[in-house]
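Because only heavy atoms are used, hydrogens play no part in the values below, and waters and symmetry mates are left out as well, while side chains stay in. A, B, ... follow the sequence lines: proteins, then strands. Residue 1 opens every chain.
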Amino acid sequence: MSKQFQKPRGTEDILPDMQPYWTMINKSIQEVTTLFGYSRIDTPVFENAALFEKGTGDTTDIVEKEMYTFADRGGDMLALTPEATPALCRSYLENGMGSQPQPIRLYTTAPMFRYDRPQQGRLRQFTQFDCEVIGSADPYVDAELIELLWRLYEHLELTDIELRLSSIDDLTSRKKYISDLTNYYQPLSNLLSEDSQRRLQSNPLRLLDSKDERDISFKEKAPKLIDRLSEESEQHFTTVKEALTAAKIPFTIDPLLVRGLDYYNRTVFEFVPKEDERAQSTIGGGGRYDELIKILGGPHTPAVGFAAGFERIILEMKRQKKTPSPLDSVNVYIAHLGSKAGKESVRLAAELRKNDIACSIGESTRSLKAQLRRANTSGAKITIIIGEEEIKKGTAVIKSMQTDQSQIETPISETITEVVKILNQ
RNA sequence: GUGGGCGUAGCGUAGCGGUUAACGCGUCAGGUUGUGGCCCUGAAGAUCGAGGGUUCAAAUCCCUCCGUCCACCCCA
C-alpha cells in the first residue's frame, strides 16, 4: 500500500460520484456565458514564465513563491498558468483581437497551478472559470461582468452570497494614497502585529486586510482610499453602482477590500458566502485592469475580468446542501447465459445503441441472479434476459425493473420496439 | 514558509501496552433446477501511513519522515 503511487500534494482525483457537480457547473457556465454573449477561448496550460512575472507582477506572492516554473529541454523558462488573465491578454495581443470590434468578451475554464500549502478550498491544481472583457473602459462593462457571475450563482441555486465592492482608484492616485497610508502607520509601527510591520514595508494596502486584533482599531481609523477617489474614478464607481442597482444586484461597499494582484485599478469585487466561518471561502473575485495590456507590450487597452474557483463553489454547494441531479445511467441491462446468448447480446446491444438507447451487458461468468443484482444497482430501467431457452425459441425476455414483477417475452426481432415502448411509458 | 489536529480493510469508525485487530456500509458467493430490490448465511479484504526506538510484549508509548486536515501568510 505504502509503495503505491499517490497523487501529488494538493491535487485531486475527481471521482465519478463528484462529476455531477462539475457537469452542473459547466452547464451553468455554458448557459450564462451564452446569455451574455461571451465567447469561449482556450489557452495553453503553460506559458512563458516571463508573461506572469511581468503581467501578474513579480512582487506578488503568486510569482514570488507560488509559480510552478521549469526549464524545458530547450532551456526555455515556462510556468504552469497560475492565473488566466495574463494568458488571455497575451492571446488577445498575439491574435490581433484589438483589430476586431471592441470590446472582446471572453471566457475560459481551465486548471490553474500554484505551489501553496493546501488547505480547505485551496489546492495546488485548481480549476477556474475566468471571464474577461478586453477593450472597454465603460463602467457598465464592470457591472455586466459582476452580473454575469451573480447569475451563475443563481443558476447554481446558491443563496446568501454577498457581493463586496470597492474602488481602488488609478495607479497614480493610489501611489499617493499608499504614501499617506504609510505615513499614518509609520508612527504606530511598533504597536502593530509582526505581520503588519512586515506589510508596512512590502505592501501597505494589505494592512487594511489584517485580522490581527492589535491592528483592527488602527485599521478603522486609517484613511480610506474610497473616500478620496479621483474625480474620474469616483464617477466610474458611481456608474458601476447605479448599473448594479438597475440589474437588481445587491452589494455592500467594502472600503477595506484589497485584492492581491498588482494590476488592478478602479473597480474591485469579491463574492463571499454570508455566515461562512471558513477561511478560504471567497468563491469569485475580480476587477478592472486598464494597464495590464500595456505592461505586456500592447497598446493601452482597458479591461475587466474575474475568476471563480470550481472547487470552492462546490464546497459552498455542499455546505448549502445543493445536490446536483445525478448523471444519466444506462436504460437497459442485458443479462445472458451461455455462449450463444453471449454473442446474441453483443449483437442486440449494438442495435440498441444504434437506436440511442444506452445499455450495458452482464458478465458472462456470473449467474443470472448476480447479473440481475447488478442490473438493479446500475439503475437500468429494463433488463433483457437471453438464455439458452430464448436462443432456441428465438426470443428475449424483457423485464421492467421499476414495477414489481412485470416481464414479457418477445421475438428477438421485436425487442427494440418493445424496449422503446416501455421506456416511453 | 509558520503553528496545531489526525493517519486502523474500498469507505466510515471501535480498540489506545498483553491471546488469531472488532463493527457498520460496500464487494463477492449462496439461501435447490434461469429472475433484482427486503431479509438471512457465508467469504474475501488490514504487513494497524513508513522507518527507527523503548519494552518480556506496541495499532496502542517516544523520535524522524511522508500524507492529510485546520489555521496563519496569500488567494479561487
Between A76(B) atom P and E83(A) atom CD, what is the distance in whole Å? 8 Å
Going by purine N1 to pyrimidine N3 plus the second Watson-Crick contact, or the G-U wobble pair, all under 3.5 Å, which nucleotide sits opposite C72(B)? G1(B)
Using a strict 4.0 Å threshold on nitrogen-to-oxygen distance, state whether E162(A) and R164(A) make a salt bridge. yes
Distance between P atoms of A21(B) and G49(B) (Å, rounded): 15 Å
May I ask you to decide whether R288(A) forms a salt bridge with D142(A), counting only side-chain N to carboxylate O separations under 4.0 Å? yes
Tell me the partner of U60(B), counting only Watson-Crick (N1-N3 plus N6-O4 or O6-N4) or G-U wobble (N1-O2 and O6-N3) with both under 3.5 Å; none if nothing fits. none
Would you sort out whether F129(A) and F306(A) count as a ring-ring contact (aromatic ring centres under 6.0 Å, His included), showing the intermediate values? CA-CA 8 Å; F129(A) 165 43; F306(A) 69 73; 5.5 Å; yes
Just name whichever nucleotide pairs with C48(B), Watson-Crick or G-U, keeping both distances under 3.5 Å, else none. none
How would you label the contact of R374(A) with the nucleic acid (heavy atoms, under 4.0 Å): base, sugar-phosphate, or nothing? sugar-phosphate
Provide, to the nearest angstrom, the distance between the OH atom belonging to Y115(A) and the P atom belonging to A76(B). 20 Å
Should R117(A) be listed as having a side-chain N or O under 4.0 Å from OP1 or OP2 of A71(B)? no
Rounded to whole angstrom, note down the P distance from C63(B) over to A22(B). 30 Å
Look at all strands and tell whether E389(A) reaches a base, only sugar-phosphate, or nothing, counting heavy atoms closer than 4.0 Å. base
C48(B) versus C61(B) - spacing of their C1' atoms, nearest Å: 15 Å
NA contact type, Q125(A), heavy-atom cut-off 4.0 Å: base, sugar-phosphate, or nothing? nothing
Between A76(B), C74(B), G36(B), which one does the side chain of R373(A) approach most closely? G36(B)
Once you apply a heavy-atom cut-off of 4.0 Å, does A335(A) come out as touching a base, just sugar-phosphate, or nothing? nothing
NA contact type, I62(A), heavy-atom cut-off 4.0 Å: base, sugar-phosphate, or nothing? nothing
Nearest-nucleotide pick for E390(A), side chain only, options being C66(B), G30(B), G34(B): G34(B)
Can K176(A) and D180(A) be counted as an ion pair, charged N to O under 4.0 angstrom? yes
Can you tell me how far C1' in G4(B) sits from the matching atom in G18(B), rounded to whole Å? 33 Å
Roughly how far apart, to the nearest Å, are G24(B) and U41(B) at atom P? 10 Å
Nearest-angstrom distance, C1' atom, C16(B) to U8(B): 12 Å
Counting side-chain heavy atoms from C-beta on, which of A76(B), C73(B), U35(B) comes nearest to D61(A)? C73(B)
Closest listed nucleotide, where the reference is the side chain of D116(A) and the choices are C69(B), A29(B), G1(B): G1(B)
Under a 3.5 Å limit on both distances, the Watson-Crick or wobble mate of G67(B) is C6(B)
Counting any heavy atom closer than 4.0 Å, what does G121(A) reach on the DNA or RNA strands: base, sugar-phosphate only, or nothing? base
I want to confirm an ordering. Mapping I386(A) and K369(A) to their closest nucleotides on RNA chain B, which one lands closer to the 5' end? K369(A)
Ranking A76(B), C66(B), A29(B) by distance to the side chain of A370(A), first place goes to A29(B)
Provide the Watson-Crick or G-U wobble partner of U35(B), both distances under 3.5 Å; none if there is no partner. none
For F310(A), enumerate each residue passing the ring-ring contact (aromatic ring centres under 6.0 Å, His included) test, keeping only those at least two apart in sequence or located in another chain. W22(A)
Is the phosphate of A71(B), meaning OP1 or OP2, less than 4.0 Å from a side-chain N or O of Q119(A)? yes
Given atom CE of M401(A) and atom C1' of U35(B), what is their separation to the nearest angstrom? 9 Å
Should the side chain of Q407(A) and the base of U35(B) be counted as holding a donor-acceptor pair, with the cut-off at 3.5 Å? yes
5'-most by nearest nucleotide on RNA chain B - T11(A) or E270(A): T11(A)
For the residue pair S166(A) / D254(A), report whether a side-chain donor-acceptor contact shorter than 3.5 Å exists. no
Using the C1' atom in both, what is the distance from U27(B) to A46(B), to the nearest Å? 16 Å
Just the rounded figure in Å: distance from C1' of U35(B) to CG of L337(A). 10 Å
Could you state the interatomic distance from OG1 (T109(A)) to CG (D42(A)), rounded to the nearest 0.5 Å? 6.5 Å
Should the pair R124(A) and Y115(A) be classed as cation-pi, given the thresholds of under 6.0 Å to the six-membered ring centre and 45° from the axis? yes
Short side-chain N/O contact to C28(B) OP1/OP2 from R366(A), under 4.0 Å: yes
Spacing of R122(A) atom CZ relative to U68(B) atom C1', expressed in whole Å: 14 Å
Is a side-chain donor or acceptor of E316(A) paired with a backbone partner of I283(A) at a separation under 3.5 angstrom? no
To the nearest angstrom, how far is E132(A) atom CD from A76(B) atom C1'? 13 Å
Using a 4.0 Å heavy-atom cut-off across all strands, classify G338(A) as base, sugar-phosphate, or nothing. nothing
Rounded P spacing from C39(B) to G51(B) in Å: 41 Å
According to the 5.5 Å centroid and 30° plane-angle thresholds, does F310(A) stack upon the nucleobase of A76(B)? no
In this structure, how many angstroms lie between the C1' atom of G34(B) and the CD atom of E363(A), rounded? 18 Å
Go ahead and name the base partner of A43(B); Watson-Crick or wobble counts if both distances stay under 3.5 Å, otherwise write none. U27(B)
From CG of L372(A) across to C1' of C38(B) the rounded distance in Å is 16 Å
